[in-house]
Amino acid sequence: MGLLLTLPLLLPLGSSLLLFATRHNRRASHLVAITSATVLLMLVSGLTLQVARDGLLVVAIGSWPPPYGIVLVADLLSVLMLLVCTLVAWATVLYSTAWIDPARERLGYYPLIFALLFGVNGAFLTGDIFNLYVWFEVLLMSSFVLLVLGAERGQVEGGLKYVALNLLASAFFLSAVGVLYGVTGTLNFAHLSRAVLGVDPLVLDLLAVLFGIAFGIKAAVFPLFFWLPASYHTPPVPVSALFAGLLTKVGVYSLIRIFTLLFVHDPGWSHRLLLVCAALTMLTGVLGALAQQDVRRILSFHIVSQIGYMIFGLALLTPLGLASSVFYLVHHIVVKTNLFLIGGLIERLGGSSRLSDLGALYRARPWLGLLFLVPAFSLAGLPPLSGFLAKLLVIRAGLAAGAYWATAIAVIVSLFTLLSMLKIWNEAFWKPRPVEDPPCQPLSTLLLLPVLVLAAVTVLLGTASEPLLVLATRAADQLLDPQIYQRAVLGQLGSPALASIGGAP
């Protein structure tokens, strides 16, 4: 059990080191990267099945019990995030082998991809809040280098905005961790969920704001999102796709974790503020997308917009609301990654990502038009795709909780999302091409296979959604009952030091 829980960290780390050693041998790098991503996907699938069957899994690294040692914890939310993120990482690695140029590969593209996965997986599995900060820094360093790899002007400009805002978020995060440790005497999640019961509510309000700002920046929540559309369109397409699928979702995951485990002392204040931020995130993101004339810029603003739906479910703090957030996370990671990958195919066949330069792609490549419509209609929430059920769950949760104004905004934003997707369709696929056709660019199997797989997953999540719905509902039940998390950590590790503390020191 311990090995299965640590392998999602050990495998990306070992793969990154091996890929660094083989970075000058392109064929060997491709083989190692694809094999490692495939094996990692299989391992995480096995871990997901075990957690779904047996409940939470806990491992104390080096057999040091909490609160002294590092603890890894896998619950349903963790493993679902691991599984879907590993799936899109596998798809992106395949796509990269046919897209990334040899120069970037020699600079360490594939080692950085797996170093990024190392940080992402660690953030999902950590059982204490300081190590969550550490994992954020690991993925921040990897993602920054990936963002500027190649040192093109646009990349450097976008990278500076990206790293500046994320460093600011890290400063808020570390400050909040220091205050939290000062008032509780521990940083272990299971311990904290009990220790915060004895903390002054005003101090908890301050901590909720600090952590909300830190994770709000990383998740691109209103009004802290402007760094994302300024940077995500600048790197190569596979990097944009991986960032779109993974990075902001780690921020959303962290918000869900702390605002269900730690900061539930005054949901009438904290979660109402989250609800306002969620509604404004949805609205400003989609309005920004409607104003853009570049495919990747449109998709970047839609990352912001869709984050709002995930925060909406968390803000409601109901079983259905949290289940909708979990389901929406899984759906969006798959769909958004696929849209960026398809955007790369549009760019390669059309010679540009600007809508004014594109046209007539449907007549030239009708299959590409159909592939685009699957994630595009899913993002807009049309049946029978995964986005329809994800948005239906959010809307039902909002109506059941009496959040009528926010629910109305969610419906309006869905209509605007459909309008922006039709804008890409009309401009890139349907209208006559305004300029001379670019040279014919062949598309290899390694570019098409990931797109086909993710499109199939989108259809499957919409037409055979019951297993994911069951897991999302169970994950919501676990999140709403912190004692499940406490019992798992205390029971499996049997830490006298942790068990002896039930309130503030």
Side-chain angles (χ1 to χ4, degrees), residues 67 70 112 115-116 118-124 126-148 155-189 192 195-196 199-200 202-232 234 243 246-259 261-263 269-270 273-274 276-278 280-281 284 303-304 307 311 314:
I70 296 173
L112 289 166
L116 178 66
F118 178 55
V120 169
N121 292 356
F124 292 145
T126 186
D128 72 87
I129 201 161
F130 179 75
N131 280 291
L132 180 60
Y133 167 79
V134 172
W135 291 118
F136 262 115
E137 295 309 296
V138 171
L139 68 90
L140 175 61
M141 289 186 292
S142 305
S143 59
F144 175 65
V145 180
L146 278 170
L147 194 61
V148 300
Q155 289 181 261
V156 174
E157 290 179 357
L160 289 175
K161 298 170 186 175
Y162 172 84
V163 76
L165 266 294
N166 276 277
L167 287 176
L168 179 63
S170 297
F172 276 101
F173 191 178
L174 192 58
S175 300
V177 168
V179 175
L180 185 62
Y181 183 75
V183 297
T184 62
T186 184
L187 296 172
N188 181 273
F189 278 131
L192 282 169
V196 293
V199 177
D200 185 338
L202 290 177
V203 176
L204 287 181
D205 288 343
L206 171 64
L207 287 168
V209 170
L210 289 175
F211 280 113
I213 293 173
F215 296 139
I217 292 175
K218 294 180 183 294
V221 175
F222 178 91
L224 308 168
F225 65 85
F226 53 88
W227 60 269
L228 190 152
S231 58
Y232 271 29
T234 58
F243 284 14
L246 298 188
L247 296 191
T248 52
K249 312 315 176 296
V250 183
V252 174
Y253 165 85
S254 302
L255 284 169
I256 292 174
R257 181 66 72 194
I258 67 164
F259 278 96
L261 197 61
L262 305 184
F263 302 121
W269 172 81
S270 59
L273 180 59
L274 283 175
V276 172
C277 291
L280 292 174
T281 302
T284 53
I303 298 173
V304 176
I307 292 295
I311 305 301
L314 167 63

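Source: prediction; values computed, not measured.
Contact annotation: the side chain of L274 never approaches that of V221 to less than 4.5 Å [non-hydrogen atoms, C-beta and beyond]. Taking 4.5 Å as the limit, every side-chain heavy atom of K218 sits out of range of all side-chain heavy atoms of L165. Contact check for L132 versus F189: side-chain heavy atoms found under the 4.5 Å cut-off.
Note that CG of L180 and CD1 of I129 are 5.5 Å apart. Values are rounded to the nearest 0.5 Å. Rounded to the nearest 0.5 angstrom, L116 CG and N121 CG are separated by 9.0 Å. Expressed to the nearest 0.5 Å, how far CG of L192 lies from OH of Y181 amounts to 11.0 Å. Distance CD1/I217 to OG/S170: 9.0 Å, rounded to 0.5 Å. To the nearest 0.5 angstrom, F225 atom CZ is 12.5 Å from I303 atom CD1.
The main-chain N or O of G122 is never found under 3.5 Å from a side-chain atom of T126 such that the two would form a donor-acceptor pair. Here the side chain of T281 pairs a donor or acceptor atom with the backbone of F222 at under 3.5 angstrom.
The two residues G127 and N188 make their nearest non-hydrogen contact at O-ND2, 3.5 Å. The two residues L228 and A220 make their nearest non-hydrogen contact at CD1-CB, 3.7 Å. Across every non-hydrogen atom of T248 and I307, the tightest pair is OG1-CD1, 3.8 Å. Scanning all heavy atoms of the two residues, the minimum distance from F124 to Y253 falls at O-OH, 2.9 Å.
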Let me have the donor-acceptor pairs involving side chains of residues 141-148, under 3.5 Å, with sequence neighbours excluded, atom names and distances please.
unit_1	atom_1	unit_2	atom_2	d
S142	OG	V138	O	3.1
S143	OG	L139	O	2.7
S143	OG	L140	O	2.9
S143	OG	Y162	OH	2.6

Without placing hydrogens or testing angles, list every side-chain donor-acceptor pair under 3.5 Å for residues 204-213, not counting sequence neighbours.
unit_1	atom_1	unit_2	atom_2	d
D205	OD1	H265	NE2	2.7

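Remark: F259 engages F263, H271 in a ring-ring contact (aromatic ring centres under 6.0 Å, His included) (not counting sequence neighbours).
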Under the side-chain contact (heavy atoms from CB on, under 4.5 Å) rule, what do I311 and L255 come out as? Steps first, then yes or no, please. CA-CA 8 Å; I311 305 301; L255 284 169; 3.7 Å; yes

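A centroid separation of less than 6.0 Å is found between the aromatic rings of F173 and F215.
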